[in-house]
Amino acid sequence: MEVELEKKKLQFTNEKGEKVRVDVDQEQTEKDEEVFERNHYSNLAEELPEREVANIGRDLVKSFEDDKSSRKNWEDQYSKGLRMLGVVVEDRQDPFPGASGVHHPLLAEAATQFQARAIAEMFPAGGPVKTQIIGRTTDKKLEQAQRVQDFMNFQVTQEIPDYFNELDQMLFYLALAGSAFKKIYFDNTLDRICSKFVPAEDFVISMENTDLETAERYTQVMKLTRTEIRKHQISGYYKDIPLSKAESNTGANSGDLVQQTLQRLEGMTPSMADKIHTVLEVHTNLDVGEDRDELALPYIVTIDYESQKVLSIRRNWKEEDSLKRKRTYFIHYKYLPGLGFYGFGLIQMIGGLQHASTGALRALLDSAAFANLNGGFRAKGARIEGGDITVSPGEWVEVEAYGDDLRKSFIPLPFKEPSPTLLQLLGVLTESGRRFASIADAMIGDSAGSGPVGTTIALIEQGSKVFSAIHKRIHQAQGREFKLIYELNGEYLDDEYSFEVIGENKKIRRKDFSSSISVVPVSDPNIFSQAQRIALAQTGLQLARETPDIIDVKEATQRFLHALNIPD
């Protein structure tokens with residue numbers, strides 16, 4: 001049967017070749033076809049009434065501003081802490097012009113040491129992902145688990161080329177701010193999964209919330225150029241609507257204290273040629289459109305902040321989920337658990353010690369400068385030709401005065417040498433901060449070389465208690481990140497995907513990402529340093545040598561060599 005559309009009538013040709021015309025409501029037919037073409041993740045901003053969409057945009061912008069105001073004290077404290085890093089040497093005029101503006105490196109040293117140790121554990125050379133089998137182990141599950149492990153390690157090291165850089169930068173921010181975020185999502189423009197670092201200052205949430213899963217609303221602040229927005233509009237991800245003129249990058253950040261501080265530390269200001277839109281991606285609960293229910297449902301709403309125009313409204317639950325549970329694309333990393341939503345970092349915990357150490361160091365430097373460059377009083381009647389005289393080292397200057405008269409004419413101020421007590425106090429402050437941040441050495445050299453290995457392990461653990469707890473939190477957060485990537489692979493990966501590793505070609509299937517396999521980080525939450533790993537392996541080797549009938553000496557030796565990272 002052939003069908004063709006003519007204005008408001010459909011013409012049918014039956015099997016006998018006879019033409020039959022049937023009157024239809026063409027407008028209603030087009031609406032029915034439009035509804036049929038909609039999918040679960042379509043942009044509702046193009047389907048809902050304009051007035052309702054505009055009201056949603058205004059209400060969410062107001063809520064975002066209220067959320068941001070609720071954390072103003074946090075932003076002020078964070079900005080002051082960033083300035084204490086000492087990246088920029090201050091030109092101080094108080095208490096006198098030219099006073100020392102140096103910062104003590106305690107805070108910067110602690111953050112650098114933490115970042116260097118954490119990245120080595122969280123991203124080993126072979127890849128950070130390993131798999132676990134859920135339920136009874138079979139040969140089929142073992143093969144599936146190995147395929148998933150090989151592919152996901154290939155994925156985070158090769159297919160997501162910025163994964164390492166984003167993780168590396170996040171760990172440094174994490175130590176300072178106490179909270180940092182990773183956003184895991186599928187990017188249609190790149191056609192791959194992305195794992196992006198989101199600084200705490202760009203993630204706004206009301207301070208009464210305790211976690212992302214139960215939060216009513218949270219917002220990611222994104223800085224997008226006009227070109228980036230236009231790409232999303234052309235692809236259909238954003239609604240194709242005219243936006244107000246973008247502000248310059250400097251203007252967009254003019255009211256943000258944290259952004260101003262970061263720009264000052266970096267020593268750079270954005271180009272006036274870069275026109276930036278501030279875009280808010282709000283994850284919230286709404287009661288809109290045909291989804292209206294007794295309870296508000298989860299949506300993701302994208303808004304241009306300057307114009308308050310809504311670019312997209314999309315459902316944030318799986319189509320097959322009858323309970324319509326919210327999907328969370330953000331992973332919250334914490335340095336230390338705080339009293340509210342955000343965690344505590346080094347700025348909050350040793351910021352006071354950093355401030356005091358900087359004050360003591362500046363006082364020592366200023367007193368040393370005064371002691372070495374004396375000034376004082378000169379008698380008004382002392383006759384010196386040529387006015388003020390500057391005497392260089394090794395130089396003798398003639399004056400019209402003699403011994404006692406010269407001594408009587410000049411009275412130096414009693415500037416003291418740097419105080420030994422102040423120097424000792426600086427040492428105490430520095431040691432307190434180092435001990436808290438676990439950046440002091442393990443002091444292994446204090447014990448005899450022939451001492452028990454257990455003593456060495458105890459020394460390492462005693463000096464790294466804080467880092468051990470922090471490492472466990474990061475391990476758990478990275479595990480949730482890998483599970484989210486695992487879940488997205490099961491949704492977006494091709495039915496069969498080929499990838500190359502060193503020495504061979506492998507294949508992965510989308511159905512491999514099933515509930516029978518779990519992914520976890522390679523890092524061990526109970527081992528947080530190479531020194532501890534070596535000490536434990538050495539202890540096992542000693543026990544094997546003492547009891548070879550119980551413990552396999554060859555296996556213990558292999559594990560010890562593996563801990564030393566000796567190849568082959």
Side-chain angles (χ1 to χ4, degrees), residues 40-41 44 56 59-75 170 174 177-185 195-222 280-288 291-303 312-345 348 469-470 472-488 491 515 518 520:
H40 178 71
Y41 298 106
L44 301 183
I56 291 174
D59 292 343
L60 289 180
V61 168
K62 178 63 169 58
S63 299
F64 161 75
E65 292 173 344
D66 291 341
D67 292 343
K68 190 170 176 61
S69 298
S70 72
R71 66 168 197 174
K72 185 178 184 302
N73 292 334
W74 178 88
E75 290 183 350
M170 185 212 69
L174 175 63
S179 281
F181 301 85
K182 291 291 286 295
K183 183 181 182 182
I184 316 300
Y185 63 100
S195 176
K196 294 293 184 182
F197 159 56
V198 179
E201 61 266 22
D202 290 339
F203 191 91
V204 179
I205 187 171
S206 180
M207 293 301 290
E208 67 262 13
N209 291 292
T210 57
D211 58 77
L212 295 176
E213 285 70 24
T214 60
E216 183 74 17
R217 177 185 57 257
Y218 47 83
T219 304
Q220 180 192 0
V221 182
M222 301 183 293
L280 308 179
E281 183 179 286
V282 188
H283 295 238
T284 186
N285 295 326
L286 298 174
D287 189 11
V288 298
D291 296 326
R292 292 185 187 277
D293 199 354
E294 295 180 359
L295 295 176
L297 298 176
Y299 289 85
I300 300 176
V301 184
T302 310
I303 309 168
S312 68
I313 302 176
R314 298 184 186 275
R315 298 178 179 91
N316 191 28
W317 69 88
K318 291 184 179 181
E319 186 173 6
E320 64 274 10
D321 185 3
S322 59
L323 297 178
K324 299 180 180 179
R325 290 166 292 192
K326 177 178 68 176
R327 302 189 68 180
T328 303
Y329 295 94
F330 294 91
I331 305 298
H332 187 184
Y333 284 80
K334 285 187 179 183
Y335 186 82
L336 292 173
L339 301 178
F341 176 79
Y342 294 103
F344 283 159
Q348 289 86 2
I470 296 169
K472 290 182 180 180
R473 293 186 200 100
I474 300 175
H475 176 90
Q476 293 295 327
Q478 192 180 39
R480 294 194 299 270
E481 181 180 351
F482 289 156
K483 288 177 182 177
L484 188 51
I485 295 176
Y486 182 90
E487 182 180 338
L488 292 175
E491 294 182 31
S515 58
S518 174
V520 295

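Atoms considered below: every heavy atom in the structure, side chains included; atoms not considered: hydrogens, waters and symmetry mates.
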Mind checking the [atom1]-[atom2] spacing from [X] to [Y]? Nearest 0.5 Å is all I need.
X	Y	atom1	atom2	answer
S515	Y486	OG	OH	7.5 Å
K326	Y299	NZ	OH	14.5 Å
Y41	I300	OH	CD1	10.0 Å
F181	L212	CZ	CG	6.0 Å
L484	Y329	CG	OH	8.0 Å
I331	Q478	CD1	CD	10.5 Å

For [X], all residues meeting side chain to side chain donor-acceptor pair (under 3.5 Å), sequence neighbours excluded:
X	value
T219	none
K72	D76
S322	none
S195	K182, E481

If we ignore hydrogens and angles and just use 3.5 Å, is the side chain of [X] paired with the main-chain N or O of [Y] as donor and acceptor?
X	Y	result
D67	I205	no
R315	H40	yes
R217	T284	no

Shortest non-hydrogen contact between [X] and [Y], atoms and distance:
X	Y	value
S179	A200	O-CB, 3.5 Å
F64	V204	CE1-CG2, 3.6 Å
S206	S70	CA-OG, 4.0 Å
R473	L336	NH1-CD2, 3.7 Å

The criterion is side-chain contact (heavy atoms from CB on, under 4.5 Å); which residues satisfy it with [X], sequence neighbours excluded?
X	result
Q348	W74, Q77, F344
K324	L297, W317
Q220	K183, V198, M222, E281, F330
A180	M170, L174, F197

### Query
How are the rings of Y342 and H332 set to each other: parallel, tilted or perpendicular (split at 30° and 60°)?
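Ring orientation of Y342 relative to H332: perpendicular.
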
### Task
Evaluate the side-chain contact (heavy atoms from CB on, under 4.5 Å) criterion for residues L60 and L280: first the C-alpha distance (whole Å), next the side-chain angles of each, then the deciding distance (0.1 Å), finally the verdict.
CA-CA 9 Å; L60 289 180; L280 308 179; over 6 Å; no

### Message
Could you work out, with salt bridge (charged side-chain N to carboxylate O under 4.0 Å, His left out) as the rule, every residue matching D321, not counting sequence neighbours?
### Response
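D321 satisfies salt bridge (charged side-chain N to carboxylate O under 4.0 Å, His left out) with R325 once adjacent residues are dropped.
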
### Message
If the condition is salt bridge (charged side-chain N to carboxylate O under 4.0 Å, His left out), which residues does D66 pass it with, not counting sequence neighbours?
### Response
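By the salt bridge (charged side-chain N to carboxylate O under 4.0 Å, His left out) rule, D66 matches K62.
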
### Message
Quick check: do R314 and T302 have side-chain heavy atoms less than 4.5 Å from each other?
### Response
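R314 vs T302: side chains apart.
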
#### Entry: H475: partners by ring-ring contact (aromatic ring centres under 6.0 Å, His included), with sequence neighbours left out
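Result, ring-ring contact (aromatic ring centres under 6.0 Å, His included) vs H475: none returned.
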
### Message
Looking at R327 and E491, is there a salt bridge between them, counting it only when a charged N and a carboxylate O are closer than 4.0 Å?
### Response
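Counted as a salt bridge, because a side-chain N and a carboxylate O are separated by less than 4.0 Å.
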
#### Entry: Check against side-chain contact (heavy atoms from CB on, under 4.5 Å), K68 and E75
CA-CA 9 Å; K68 190 170 176 61; E75 290 183 350; 2.9 Å; yes

#### Entry: Residue pairs involving residues 195-210 (criterion salt bridge (charged side-chain N to carboxylate O under 4.0 Å, His left out); sequence neighbours excluded)
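Passing the test, one end in residues 195-210: D162-K196.
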
